[in-house]
2 protein chains.
Amino acid sequence: MGKSKFNAIYNDLSEKIHDQLIKAGALLPTENELSEQYHASRETIRKALAMLSRNGYIQKVQGKGSIVLDVTRQNFPISGLTSFRELANHSKDKWKTKVHQLVLLKSDEHLRMLMNLTADQAVWKVIRSRSVNNEAVILDKDYLIQSIVPMLTADNCERSLYDYIEHELGLRIGFAKKEITVEHATAEDQRYLTLNRDTQVVVVRSLVYLENAELFQYTESRHRADKFRFVDFARREHQ
Amino acid sequence: MGKSKFNAIYNDLSEKIHDQLIKAGALLPTENELSEQYHASRETIRKALAMLSRNGYIQKVQGKGSIVLDVTRQNFPISGLTSFRELANHSKDKWKTKVHQLVLLKSDEHLRMLMNLTADQAVWKVIRSRSVNNEAVILDKDYLIQSIVPMLTADNCERSLYDYIEHELGLRIGFAKKEITVEHATAEDQRYLTLNRDTQVVVVRSLVYLENAELFQYTESRHRADKFRFVDFARREHQ
DNA sequence: AAGTGGTCTAGACCACTCA
DNA sequence: GAGTGGTCTAGACCACTTT
């Protein structure tokens, strides 16, 4: 990834749309024109355009062309798998991460069920809170399989767990299954989060898998309700 | 859509995975084998597989093959754009829709901003509640541009708005931008929803566009927090 | 009728995994 | 080294929009 021609074309076009060098409402050059401009075959152009379409940059209309969409207001997650660190880097506020617990669990019945573990598999448990303006608004509880992540330090966790996993360990994350619900705040939430009169928190549970489809992490991200926001772009899949 | 070869192959394979005729953890036949089986070129097979991958059915691993994922627990929305009716049809509980209001708004400053309307564009406003077991747990507030949806009756709204729009009017929905937040229940929420001691509701705001990129609907879907659940499958896009 | 995107093909070469 | 998926190509034909 990243080195392919269609990916480069995608990056170039998505940047131009982001920077409004190509304005919303306008049409992209035709596929044949792009084919000439980028010295690529039409199918390669079409791969780049399909990616732009999936990510909400353009809308393709048969017989007409590719309409550029207004992408300026999709300023947050844009769905997908984004680590907290990447998110925080894009916001103006100063975020701070604090590690509250880092232990190696030898056995836990509930986790074993949830993550489909064998009896002898140990799991790293990490509890961290994320603060803005001295208010702890997110509580992250991560569980990582030790056979995949052998060692973990508080320092790794305080910086970015994903950075460590992807760059230091060289693991490649493939996909995640997520679930968002709203639940009563627990004693633990009360302890680590700056809950004012809140009795509810937003809970995002994720099962995270590597590129070889191996499960390696379960995460519970607990958000103070007033600070939670999830943005999504969805296409209708017609039958 | 729906008539293309790759789409037929996608439907066939996704069904087989859903029905567990192909088991999770197993490998799909190789692309060349599928190419023979379906009498299609490899690129056509690859389009079907890319779609399976995007929707969480398989994980492709270079040099190995396509691993079938466990899809049995992603039984709910699976993200994407799904109407309430389609959702309700898939659940066991008996849902009931009640129309509380259906009016044509001539002008509304807030909506005009939000939907980028001209001064003379009228908008249908529909308020509906959705109930299970005699408890109203979702309040839907829809706003539809009248120049696109000329007429609307309480009957249309009580059945399925999307059915009416797509099948009766022949409009094709393209995509939507959604935002999920948690907010204080309003007087209106109190009035139409069966809120017990709840003071918070989950609000899903959507801007819905047609296939030609024309905005035609704004929706606020307000859920009782304990009945809200959002499931998502997300792939990591590596740079 | 001309131009647009949508689909499909056969073939080539590369990158990766596994024996 | 054989077999897998990943990328790219040139060309064909179809479906749709516009003039």
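Residue numbers begin at 1 in each chain, while the letters A, B, ... track the order of the sequences.
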Query raised in the report: Atom CD of B:Gln62 and atom P of C:dC14: how far apart are they, to the nearest Å?
Result: 14 Å

Query raised in the report: Roughly how many Å is it from CG in A:Asn32 to C1' in D:dG11, rounded to a whole number?
Result: 12 Å

Report summary line: Note: B:Cys157 and B:Leu102 closest approach over all heavy atoms is SG-CD1, 4.4 Å

Query raised in the report: Any side-chain N or O of A:Arg42 under 4.0 Å from OP1/OP2 of C:dG5?
Result: no

Query raised in the report: When you measure from the side chain of B:Lys47 to the backbone N and O of B:Lys5, does any donor-acceptor pair fall under 3.5 Å?
Result: no

Report summary line: 5'-most contact on DNA chain C (nearest-nucleotide basis), B:Lys64 vs A:Leu28, goes to A:Leu28

Query - Of the listed nucleotides D:dC8, D:dG5, C:dG5, the one nearest the side chain of A:Arg46 - result: C:dG5

Query raised in the report: Between B:Lys3 and D:dC14, is there a side-chain N or O to OP1/OP2 distance below 4.0 Å?
Result: no

Query raised in the report: If only side-chain N and O atoms of B:Thr44 are considered, is one of them under 4.0 Å from the OP1 or OP2 phosphate oxygen of C:dT9?
Result: yes

Query raised in the report: Between atom CG of A:Leu161 and atom CG of A:Leu144, what is the distance when rounded to the nearest 0.5 Å?
Result: 5.5 Å

Query - A:Arg236 vs B:Glu166, salt bridge (charged side-chain N to carboxylate O under 4.0 Å, His left out): CA-CA, chis, key distance, verdict - result: CA-CA 12 Å; A:Arg236 179 118 173 117; B:Glu166 296 207 298; 2.9 Å; yes

**Report entry** d(CG, B:Leu34; P, C:dT9) in whole Å
**Finding:** 13 Å

**Report entry** Whole-Å distance separating the NZ atom of A:Lys47 from the P atom of D:dG6
**Finding:** 10 Å

Query raised in the report: Roughly how many Å is it from CD in B:Gln59 to C1' in C:dC16, rounded to a whole number?
Result: 15 Å

**Report entry** Any A:Lys60 side-chain N or O less than 4.0 Å from OP1/OP2 of C:dG6
**Finding:** yes

**Report entry** Listed nucleotide nearest any side-chain atom of B:Glu43, set D:dG5, C:dC8, D:dC8
**Finding:** D:dC8

